[in-house]
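For reference, the structure discussed in these notes is given below.
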Amino acid sequence: MRFASLGSGSKGNCLVAEAAGSRVLIDCGLSPRETARRLGRLGLAPADIHAVLVTHEHDDHAGHAYAFAALHGVPVHLTHGTRRAQEAAGRSADGVALRVIEGREPFAVGAIRVEPFTVPHDAREPVQFVLGDGARRLGVLTDLGASTSHVEQTLSGCDALVLETNHDLELLWGGDYPKWLKERIAGPFGHLDNGCAERLLAALDRSRLQHVIAAHLSHQNNRAELARAALARALGCEEDWVGIATQEEGFGWRELKSN
Ligand SMILES: [Zn+2]
Ligand SMILES: [Zn+2]
């Protein structure tokens, strides 16, 4: 099993995972043309993708999911609430095969086992996903206001984690965002700051981790070195072992070895 990111952050998120010839995207917040271009960077084409899994309706995750899916004949998996919110946002599902999922019910896309899990975030019915191939599990968590015991149980024992480190609290509060926006971001349905991500990671069973990648960093309110340092503290590892998912580059293929 392997995975890569096409881009991560408030301007668009998209992650690709592959197991035994099956491939899924988690979210599609980049235009279809840009998604295709970045898939090409990873040696893939849109025709190689078997499903798009959407975490929630925010633009940076779902903004282009239907357009990509319609263009390439790929089904979209999403919760009932996300589907309704897409509708309310005026995104047409014409020509898109929609698969409505339950927030806690695993399903399969070819060889990939998908475990959705529910999260507190300011969207209609947001989920995040753990992807597995039967032997290895990749946990992806990009939009979370606060950790919960359900989140910690689900992510414990994963072989790889892509974890939100959205902001540094001091940079956020000292920055020039309006007060309401700062409160939204730092609130219980907003985004995870470096310190909360560190505590979340520290609370997990980390014994199997082969990769940890900090994701969804705010351009204004975070720095890669702060995010890295926070996750490295929880892991007790060198800071440069922790990967960073960037807005423009995402990150390249990471392999999950089955020893
Ligand atoms: Zn969001
Ligand atoms: Zn987001």
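If you're wondering where the values come from, they're calculated on a predicted model, not measured in any experiment. Start at 1 and go down the list; that is how both ligands and their atoms are numbered.
Nearest N, O or S atom of H58 to the Zn ion (ligand 1): atom ND1. Taking the N/O/S atoms of D60 in turn, the shortest distance to the Zn ion (ligand 2) belongs to OD2. No other N/O/S atom of H121 lies as close to the Zn ion (ligand 1) as NE2 does.
Atom-to-atom distance recorded for R223:CZ and D168:CG is 8.5 Å, nearest 0.5 angstrom.
At most 12 heavy atoms of other shown residues, nucleotides or ligands fall within 6.0 angstrom of atom NE2 in H219.
Distance check for H61 against the Zn ion (ligand 2): an N/O/S atom falls below 2.8 Å. Between the Zn ion (ligand 1) and D143 there is an N/O/S contact shorter than 2.8 Å. Metal site remark for the Zn ion (ligand 1): H191 contributes no N, O or S atom at a distance under 2.8 Å. Within the 2.8 Å limit, H56 places no N, O or S atom next to the Zn ion (ligand 2).
We find that R137 and E115 are joined by a salt bridge, their nearest charged nitrogen and carboxylate oxygen being less than 4.0 Å apart.
Between F68 and H72, the ring planes are tilted. Angles from 30° to 60° get that label.
Without hydrogens or angle criteria, E102 side chain to T79 main chain gives no donor-acceptor distance under 3.5 Å.
A donor-acceptor pair shorter than 3.5 Å can be found between the side chains of H61 and D27.
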